[in-house]
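Notes follow once the structure below has been shown.
Worth saying up front: this structure is predicted, and the values here are computed from it rather than measured.
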Amino acid sequence: MKKEVIKKLILMTIAALTTANMHYTSASAEWVKDSKNNWSWIENKSKVTGWKEIDKNWYYFNDNGRMCTGWIKYSSNWYNLSGSGEMLTGWKEIDEKWYHFNNDGKMSIGWINDNGTWYFTNSSGEMETGTITIDGKTYDFSQTGAMLSGKEIVQQAQPGVGDIKNTDNSRIAYVSTSDGLLNIRAKATTSSDIIGTLAKGTEVKILGDKENEFYPIVINGKEGWISSKWIIFERPQSTPPIVVIGPEDTNNTNVKEENDNIPPIDSGKKDDSMDDNVTDDSLKKGKIRDTAPSMGNKYYYSDDNLFYKVRLSPPFLNGGKEIKGNCTWYAWGRAWELTGIKPVDAGFIGNGYEWWEANKKSGKYQYGSQPRVGAIAVWKSSLPGSSGSGHVAVVEKISGGKIYISESTWHGAAFRYREIYETSYLYGYIYLDEPNY
């Protein structure tokens with residue numbers, strides 16, 4: 001009996017010490033709000049910075065120790081923090097769009113298997129619904145995002161396809177691109193999904209009349225739409241075998257669908273002959289931007305601009321320092337300003353150099369090595385002084401072989417209008433006025 005009493009006393013003492021220690025920790029770490037309603041977490045009289053787990057929730061504090069909310073990019077991954085600062089996980093609706101965040105808080109991109117149900121999020125992290133094409137295959141998703149079915153829209157051409165016969169309501173035609181591939185679209189519009197591509201000389205079956213400058217076609221039993229601009233009805237003298245591939249297979253191909261032979265982009269060395277062939281051109285008065293946009297300009301200073309929304313632009317702070325400029329923020333807004341359409345489906349997120357491959361992958365815009373007014377110039381990550389981020393700018397004017405651009409630079413200038421002095425480290429130009437057909 002005496003042993004039991006001693007045992008209870010020991011347990012009571014341990015419990016008391018534990019409780020005292022818990023209260024001591026709580027007293028030495030606390031939330032503090034400053035005069036501007038910014039929250040900080042204080043431990044040992046110092047503000048915590050970076051990631052911090054507090055009461056089983058994760059928070060992120062900037063270099064000044066201020067708690068962050070909303071979208072943040074950390075180590076090339078996107079996270080979202082609630083209005084009270086907690087890191088989000090799982091499915092979350094943000095601005096009427098659904099996103100998925102892993103258990104470590106990273107935003108999911110691509111296929112997601114959630115308890116046996118498949119979902120798909122695009123390059124911006126948004127959950128897809130309806131019918132979309134992924135890697136050359138078409139999938140149906142419910143309004144809740146759950147995959148209903150998946151089937152391949154365009155298959156590898158089979159023997160006998162070239163033997164399609166004309167019917168009363170159809171006719172045979174041929175692809176007449178110069179060298180590039182012709183996109184097959186899900187609908188008769190350049191903004192619809194690319195469900196495959198056709199090589200020059202490919203024989204196709206036209207099903208009916210033009211609609212919005214697109215012909216309805218059938219190939220391998222699958223239907224789609226192709227631009228009428230690149231179709232002829234006389235058999236070419238030499239017709240190559242049919243080639244039908246999905247969009248992902250075009251990553252290393254310049255999907256340029258015009259009859260102008262675009263020279264290959266150099267790998268860093270300036271092509272001295274390029275400027276000699278450049279035609280003088282300029283955006284019209286009222287459209288050319290040679291002065292900085294005002295703070296009230298919605299294309300740049302509103303949450304409709306992706307980079308402004310996540311606070312990676314003027315007039316916000318990053319790491320406790322004022323953001324003076326950001327090339328991607330500016331180019332994103334300028335693209336919207338020029339085209340009237342937000343470039344959300346071109347994959348223009350992340351660092352400047354990433355826009356080149358993102359556009360090739362999305363198939364949104366045509367591209368090449370010749371500068372053109374209204375195009376986005378994209379520099380490689382090896383650009384000196386870019387800290388591996390590359391650079392993007394917009395061509396405003398070409399005169400006397402000189403190229404003039406508008407741009408913004410990180411911690412440099414919110415706006416600058418200048419001449420491109422050389423094209424070393426340049427990938428090339430993305431032509432905003434020429435969406436892929």
Side-chain angles (χ1 to χ4, degrees), residues 34-40 47-51 59-83 85 87 94-95 105 107 124-125 289-337 342-344 347-355 358 376-381 383-394 396 405-418:
D34 63 19
S35 60
K36 295 183 179 180
N37 294 321
N38 295 308
W39 285 97
S40 298
K47 291 182 178 180
V48 169
T49 59
W51 289 105
Y59 300 81
Y60 185 80
F61 301 87
N62 65 18
D63 291 345
N64 287 331
R66 296 172 184 166
M67 182 191 77
C68 297
T69 60
W71 289 103
I72 65 169
K73 190 175 185 182
Y74 181 83
S75 295
S76 300
N77 294 298
W78 285 98
Y79 300 78
N80 194 277
L81 311 174
S82 71
M87 181 187 77
I94 303 171
D95 295 333
M107 183 186 74
S124 299
R289 180 161 289 289
D290 50 11
T291 58
S294 68
M295 291 290 288
N297 191 312
K298 70 175 183 178
Y299 299 111
Y300 306 90
Y301 296 100
S302 75
D303 281 347
D304 286 323
N305 182 302
L306 175 64
F307 291 89
Y308 182 95
K309 180 178 180 179
V310 297
R311 305 306 187 250
L312 288 175
S313 74
F316 303 107
L317 300 176
N318 181 269
K321 296 181 180 179
E322 178 187 359
I323 300 175
K324 294 183 179 179
N326 183 354
C327 68
T328 49
W329 155 73
Y330 174 80
W332 199 97
R334 186 66 176 132
W336 177 21
E337 187 176 33
K342 300 175 187 176
V344 292
F348 291 162
I349 59 176
N351 294 316
Y353 78 90
E354 297 176 285
W355 287 26
I376 295 178
V378 185
W379 280 265
K380 302 174 183 177
S381 60
L383 176 68
S386 71
S387 300
S389 299
H391 186 57
V392 286
V394 178
E396 301 286 342
I405 58 172
S406 64
E407 64 180 356
S408 179
T409 55
W410 185 255
H411 291 321
F415 177 84
R416 186 165 57 181
Y417 176 77
R418 68 175 179 90

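Scanning all heavy atoms of the two residues, the minimum distance from Ser408 to Asn326 falls at OG-N, 2.9 Å. For the pair Trp336 and Asn305, the tightest heavy-atom approach, listed with the atom from each and the gap, is CZ3-N, 4.4 Å. Shown here for Leu81 and Tyr60, the closest heavy-atom pair between the two residues is CD1-CB, 3.9 Å. The minimum heavy-atom distance between Ser406 and Ala393, with the atom names listed, is O-CB, 3.5 Å.
Distance check: Asn37 CG to Arg66 CZ gives 11.5 Å after rounding to the nearest 0.5 Å. Going from atom NE2 of His391 over to atom CH2 of Trp379 covers 5.0 Å, rounded to the nearest 0.5 Å. Between the CD1 atom in Ile349 and the CD atom in Glu354 there is a gap of 7.5 Å [rounded to 0.5 Å].
Put simply, the side chain of Arg416 never gets that close to the backbone of Ala414: no donor and acceptor are under 3.5 Å apart. One N or O on the side chain of Asn62 and one on the backbone of Asn64 form a donor-acceptor pair closer than 3.5 Å. Within the 3.5 Å criterion, the main-chain N or O of Arg289 finds a donor-acceptor partner in the side chain of Glu396. The main-chain N or O of Tyr417 is never found under 3.5 Å from a side-chain atom of Asp290 such that the two would form a donor-acceptor pair. Side-chain atoms of Asn318 do not come within 3.5 Å of backbone N or O of Ile323 as any donor-acceptor pair. A donor-acceptor pair is defined here as one N or O able to donate and one able to accept, closer than 3.5 Å; no such pair exists between the side chain of Ser381 and the backbone of Tyr353. Under a 3.5 Å cut-off, the side chain of Ser387 and the backbone N or O of Ser389 do not form any donor-acceptor pair.
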Worksheet item: Yes or no on salt bridge (charged side-chain N to carboxylate O under 4.0 Å, His left out) for Asp95 and Lys309, after CA distance, side-chain angles and deciding distance?
Response: CA-CA 11 Å; Asp95 295 333; Lys309 180 178 180 179; 2.3 Å; yes
Worksheet item: Can Arg418 and Glu407 be said to form a salt bridge (charged side-chain N to carboxylate O under 4.0 Å, His left out), step by step?
Response: CA-CA 8 Å; Arg418 68 175 179 90; Glu407 64 180 356; 2.5 Å; yes
Worksheet item: When you look at Asn351 and Thr328, which way does the side-chain contact (heavy atoms from CB on, under 4.5 Å) test go after all the steps?
Response: CA-CA 7 Å; Asn351 294 316; Thr328 49; 5.8 Å; no
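With Tyr308 as reference, Phe316 is the one residue of Trp332, Tyr300, Phe316 to meet the ring-ring contact (aromatic ring centres under 6.0 Å, His included) rule. Partner Asp303 forms a salt bridge (Lys or Arg N to Asp or Glu O under 4.0 Å) with one of Lys342, Arg311, Lys298 and no other, that one being Arg311.
Note that Arg334 lies outside the cation-pi zone of Tyr330, set by a 6.0 Å cut-off to the ring centre and a 45° limit from the axis.
The distance between the ring centers of Tyr301 and Trp329 falls below 6.0 angstrom.
Residues in residues 73-82 take part in these side chain to side chain donor-acceptor pair (under 3.5 Å) pairs, two or more places apart or across chains: Ser82-Ser84, Ser82-Glu86.
Aromatic ring pairs are classed by plane angle as parallel below 30°, tilted from 30° to 60° and perpendicular above 60°; the pair Trp355 and Phe348 is parallel.
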